[in-house]
Each structure stands twice: as C-alpha cells, then as structure tokens.
Amino acid sequence: MAQFKNRVTRLFNIDYPIIQAGMIWTSGWRLASAVSNAGGLGLIGSGSMYPDVLKEHIRKCKTATSFPFGVNVPLLYPDIDKHIQIIIEEGVKIVFTSAGNPKTWTGILKEHGITVVHVVSSSRFAMKAQDAGCDAVVAEGFEAAGHNGREETTTMVLVPAVANTVSVPVIAAGGIATGRQMLAAMVMGAEGVQIGTRFAASEEASSHINFKNALIHSKEGDTVLTLKQLVPVRLIKNKFYQQVKEAEDRGASVEELRSILGRARAKKGIFEGDLDEGELEIGEVSAIIHDILPAAEIVKNVWKEFMDGLSDPVKKL
Ligand code: NDP
C-alpha cells in the first residue's frame with residue numbers, strides 16, 4: 001500500500017492517518033499493537049484498567065510492536081495521577097486525553113516529550129485544547145459510542161466547524177468505519193480519523209463475544225445517547241436502557257438514575273457479555289458493520305477504500 005504523508009502521519013510517525021479509538025474493556029495491548037503493526041495508530045484504553053493492569057498492557061504492547069502506539073486516558077478516571085505517572089515512567093510517547101479539562105495534564109505530559117491529543121465535542125473545547133498546548137484534536141460527533149457531547153453535534157457539522165476554528169490538525173471521529181466515510185471526513189477538513197466501533201468488532205478486541213455479536217447484528221436506530229443528566233453515553237437499547245428510560249420518563253432524580261446505573265455496568269456488558277443488564281457502548285455506525293475481522297484487515301480495507309475513493313470520489317449518472 002502506498003504511503004501517505006500529512007500532518008497526522010508525521011505527528012505520530014505512522015503510515016496511514018487511521019487511529020484506533022481507546023475503548024474501555026475493548027482496546028488492550030492486543031488490539032493496539034495489531035493496529036500499530038498494520039500501519040495505523042493503536043491506543044490502549046486505560047479507563048477500565050487499574051494502574052498495575054495499565055502498566056502490564058503498556059509493557060506487552062512494547063513487546064508486541066516496534067511501531068508507535070499510544071494510551072487513551074479519560075480524565076475523569078479516579079486514579080488519574082497514577083496512570084499519568086506510569087505513562088511517563090514507561091516512556092509512552094503518545095497520549096489521547098478525553099472527558100475532562102485538557103489544561104490539567106497537557107503541560108506535564110508535554111514536559112516529558114509526550115505528544116498530546118484531546119478529544120472534543122465542540123469548537124469551543126477544541127480551542128481550549130489548542131490553547132492548553134495539545135498537538136491535535138479529535139472532533140468526535142454525536143454518532144460515537146460511549147461518552148459523548150451533550151450538544152449532540154453530528155460529525156458532519158462538527159468536523160468542518162472545528163477545522164475552521166483551530167490550526168492544529170483535526171482527527172474526525174464518530175460514525176466512521178469505512179474508507180469512503182474517511183474520505184468524506186478528510187474532504188471536510190480532517191487530516192485523520194479515529195475509529196472505534198469498527199475495531200470493537202475485531203478479533204483482537206478484548207470485549208466479550210456476546211458484545212461483538214450484538215454489535216454486528218444491530219441495526220439503524222438500535223443505539224441511543226442516554227443518561228444525559230449523569231455523563232451522556234451512547235449504547236444499545238437493551239433491558240438496562242429501558243429501565244433508565246422508564247425512570248427518566250417519570251422524572252427520576254439524578255440520585256435515582258445514579259443508583260439505577262450502579263457500578264461497573266460497562267464491564268458487565270462489554271467484558272462479561274451480559275446483554276440485558278450491562279451497558280453496551282456501541283456507536284451508530286454498527287448498523288453498517290456485519291463481521292468480526294482481524295484488526296490488520298480492517299486497516300487494509302479502510303485504506304484501500306479511501307484510496308480508491310480518492311481517484312473516483314463521486315457517483316455519476
Ligand atoms: P464505574 O464507576 O461504574 O465502575 C468502575 C469500573 O472501572 C469497574 O468496572 C472497575 O473494575 C474499573 N476500574 C478500573 N480502575 C479503577 C479504579 N482505579 N478505581 C475504580 N474502578 C476502576 O465506571 P464505568 O465502568 O462507567 O467507567 C470506568 C472508567 O472508564 C471510568 O473511570 C471512566 O473514566 C472510564 N470511561 C468510561 C466510559 C463510559 O462510557 N462508561 C467511556 C470512557 C471512559 P472492577 O469492576 O474490576 O473493579
């Protein structure tokens with residue numbers, strides 16, 4: 001496959017501007033190293049890992065790939081300072097932060113020579129991330145799985161808005177699983193894409209097979225952005241979601257919603273495969289994903305379709 005050079009491939013020293021999203025209970029060292037070995041950028045999702053587990057995943061990833069990889073750190077993680085310390089001690093070169101204020105950690109990470117990218121859901125936050133010293137931003141739209149912006153700005157609107165606001169490179173995320181979707185995002189001003197749900201349906205993803213099967217069988221309209229009074233999250237409409245909806249419809253308090261959510265719902269759904277009681281964090285794009293593939297094949301397919309699309313981008317009569 002031909003090499004492609006732009007600001008994103010140069011920033012991370014990778015072949016293709018395809019980044020695998022950090023996903024709790026899903027993207028450990030196996031997935032991250034497979035994506036990096038295929039020429040993209042793999043990210044270890046640290047949000048569901050205790051500090052010693054994160055350390056082990058970083059070490060295994062270093063053994064499994066000689067190519068660049070990174071760690072995604074959700075800033076609302078309870079032991080965030082321990083995660084940051086491990087990342088610095090282990091010599092991780094790339095960190096993607098999300099769900100929090102980029103001002104808190106960006107400076108410290110950059111002092112240690114780490115490339116920092118922050119995930120945003122609005123132009124205002126993109127500007128904040130740039131001002132905090134981030135090297136790039138991920139503009140993640142409404143279609144994305146997991147934690148998401150309250151304002152519900154779609155990828156189609158968010159990407160050009162952010163690209164017109166900041167001067168650092170913009171990586172598009174939310175609803176992207178194919179090369180043609182990647183091409184559309186790049187035409188709108190992105191210089192790379194971050195892909196989550198497509199990689200969750202990979203052989204190397206550590207999520208439970210029940211979860212992967214639910215993903216590849218879900219249809220348009222099967223996911224929803226919910227729990228906006230707590231932290232908004234996109235998930236599959238299952239029994240747990242119906243419980244949340246019933247409570248929200250009758251005006252339940254934030255405390256009651258918190259007690260319905262309880263603890264470790266994401267682990268139950270994604271890692272343990274409980275399709276009724278678990279939180280099944282899946283993006284809208286699952287509607288067009290129908291198979292579980294090796295991560296390297298996903299990278300190859302996306303890139304080939306992107307390059308084919310570049311030479312023949314628009315359907316003609
Ligand atoms: P909960 O508070 O419901 O549960 C905590 C979960 O995180 C448990 O499953 C626990 O594992 C695991 N965990 C890992 N490290 C720690 C730690 N140091 N202290 C406590 N628990 C830890 O949170 P969620 O499951 O919703 O989210 C877990 C983390 O993932 C959060 O910190 C959040 O930052 C992050 N995250 C969540 C997303 C989401 O959409 N839910 C999206 C992105 C990131 P165990 O059960 O083995 O104790």
Side-chain angles (χ1 to χ4, degrees), residues 19-29 31-32 43-58 70-87 95-102 104-105 117-121 125 138 140-150 173-174 194-197 199-200 205-208 211 214-215 223-238 240-241 243-244 254-274 277-284 286:
I19 293 130
Q20 162 253 310
M23 296 171 281
I24 56 167
W25 301 113
T26 300
S27 61
W29 69 273
L31 179 57
L43 297 182
I44 295 173
S46 72
S48 48
M49 297 178 179
Y50 283 91
D52 55 328
V53 176
L54 174 62
K55 191 186 278 189
E56 189 187 329
H57 277 259
I58 293 171
V71 176
N72 169 235
V73 184
L75 297 173
L76 41 78
Y77 181 79
D79 280 330
I80 179 95
D81 42 348
K82 289 199 187 128
H83 271 14
I84 300 283
Q85 195 187 335
I86 288 168
I87 283 165
V95 168
F96 278 48
T97 54
S98 53
N101 186 346
T104 323
W105 293 103
V117 181
H118 190 63
V119 182
V120 300
S121 57
F125 283 122
V138 174
E140 187 186 72
F142 171 69
E143 297 92 322
H147 290 339
N148 211 319
R150 278 193 177 76
Q194 179 176 277
I195 296 180
T197 299
F199 283 116
S206 56
S207 34
H208 196 281
F211 173 79
L215 188 167
T223 75
V224 66
L225 185 65
T226 186
L227 284 169
K228 288 195 199 160
Q229 292 178 73
L230 304 178
V231 185
V233 61
R234 178 175 295 284
L235 41 68
I236 281 199
K237 295 176 189 166
N238 64 349
F240 160 64
Y241 165 70
Q243 233 180 305
V244 170
V254 169
E255 289 69 38
E256 191 187 341
L257 289 173
R258 196 165 280 127
S259 92
I260 290 171
L261 174 62
R263 188 180 169 281
R265 282 272 181 191
K267 180 184 186 184
K268 199 183 273 272
I270 303 171
F271 198 63
E272 295 170 358
D274 186 333
E277 300 299 336
E279 203 179 51
L280 306 172
E281 298 184 12
I282 290 175
E284 276 191 352
S286 59

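Ligands are counted one by one from 1 in listed order, and the atoms in each one are counted from 1 as well. On a predicted model such as this, the values are computed, not experimentally measured, just so you know.
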Subject >> Distance in Å, H83 NE2 paired with T97 OG1, rounded so as to fall on 0.5 Å steps >> reply: 13.5 Å
Original post:
How close does the nearest protein non-hydrogen atom get to atom 27 (O) of ligand 1, and which residue and atom is it?
Top reply: I24 CD1, 4.3 Å
Original post:
Who gets closest to atom 32 (O) of ligand 1 by heavy atom: P74, P78, G100?
Top reply: P78
Original post:
Side chain, backbone, both or neither: which part of S48 has a heavy atom under 4.0 Å from ligand 1?
Top reply: backbone
Original post:
How about atom 30 (O) of ligand 1: does it have a protein heavy atom within less than 4.0 Å?
Top reply: yes
Subject >> Flag, side chain of S206 to backbone of W25, donor-acceptor distance under 3.5 Å >> reply: yes
Subject >> Residue pair V254 / L230: nearest heavy atoms and the distance that separates them >> reply: CG1-CD2, 3.6 Å
**OP:** Verify, without hydrogens or angle tests, whether S98 (side chain) and V119 (backbone) share a donor-acceptor contact under 3.5 angstrom.
**Re:** no
**OP:** Pull out every atom of ligand 1 sitting under 4.0 Å from any heavy atom of V233, numbered as shown with elements.
**Re:** 40 (O)
Subject >> CD on E281 to OG1 on T223, rounded to 0.5 Å >> reply: 11.5 Å
Subject >> Backbone of S46 reached by a side-chain donor or acceptor of H57 within 3.5 Å >> reply: no
**OP:** Identify, for atom 28 (C) of ligand 1, the protein heavy atom at the shortest distance, and state residue, atom and that distance.
**Re:** G47 O, 3.8 Å
Original post:
Taking the side chain from D274 and the backbone from E277, do they hold a donor-acceptor pair closer than 3.5 Å?
Top reply: yes
**OP:** Any chance you could measure Q229, atom CD, to L261, atom CG, to the nearest 0.5 Å?
**Re:** 12.5 Å
Original post:
By number and element, which atoms of ligand 1 are closer than 4.0 Å to a non-hydrogen atom of L76?
Top reply: 33 (C), 34 (O)
Original post:
Roughly how far apart are I84 CD1 and W105 CH2, rounded to 0.5 Å?
Top reply: 5.5 Å
**OP:** Could you list the atoms of ligand 1 found under 4.0 angstrom from a heavy atom of W25?
**Re:** 9 (O), 11 (O)
**OP:** Taking only heavy atoms of K267 into account, list the atoms of ligand 1 that are under 4.0 Å away from them.
**Re:** 9 (O), 45 (P), 46 (O), 47 (O)
Subject >> Top protein contact for atom 43 (C) of ligand 1, by heavy-atom distance >> reply: H147 CD2, 3.9 Å
Original post:
When you look for heavy atoms under 4.0 Å from ligand 1, do you find them on the side chain of E281, its backbone, both, or neither?
Top reply: side chain
Original post:
Taking the non-hydrogen atoms of F271, is any one of them nearer than 4.0 angstrom to ligand 1?
Top reply: no
Subject >> For F142 against R234, the heavy-atom pair lying closest together >> reply: O-NH2, 2.8 Å
Original post:
Does any N or O in the side chain of T104 come within less than 3.5 Å of the main-chain N or O of P102, such that one atom is a donor and the other an acceptor?
Top reply: no
Original post:
Relative to the heavy atoms of A264, which atoms of ligand 1 are at a distance of less than 4.0 Å?
Top reply: 1 (P), 3 (O), 4 (O), 8 (C), 9 (O), 46 (O)
Subject >> Donor-acceptor under 3.5 Å (T26 side chain, A200 main chain) >> reply: no
**OP:** Examine ligand 1 and decide if any of its atoms is less than 4.0 Å from a heavy atom belonging to E279.
**Re:** yes
**OP:** Taking only heavy atoms of A266 into account, list the atoms of ligand 1 that are under 4.0 Å away from them.
**Re:** 25 (O)
**OP:** Between R263 and ligand 1, find which residue part has any heavy-atom pair under 4.0 Å and reply side chain, backbone, both or neither.
**Re:** both
Original post:
Quick one: nearest non-hydrogen protein atom to atom 15 (N) of ligand 1, plus distance?
Top reply: Y77 OH, 2.7 Å
Original post:
Does atom 23 (O) of ligand 1 have a protein non-hydrogen atom under 4.0 Å from it?
Top reply: no
Original post:
Closest non-hydrogen protein atom to atom 11 (O) of ligand 1, residue and atom name please, with distance?
Top reply: Y50 CE1, 3.6 Å
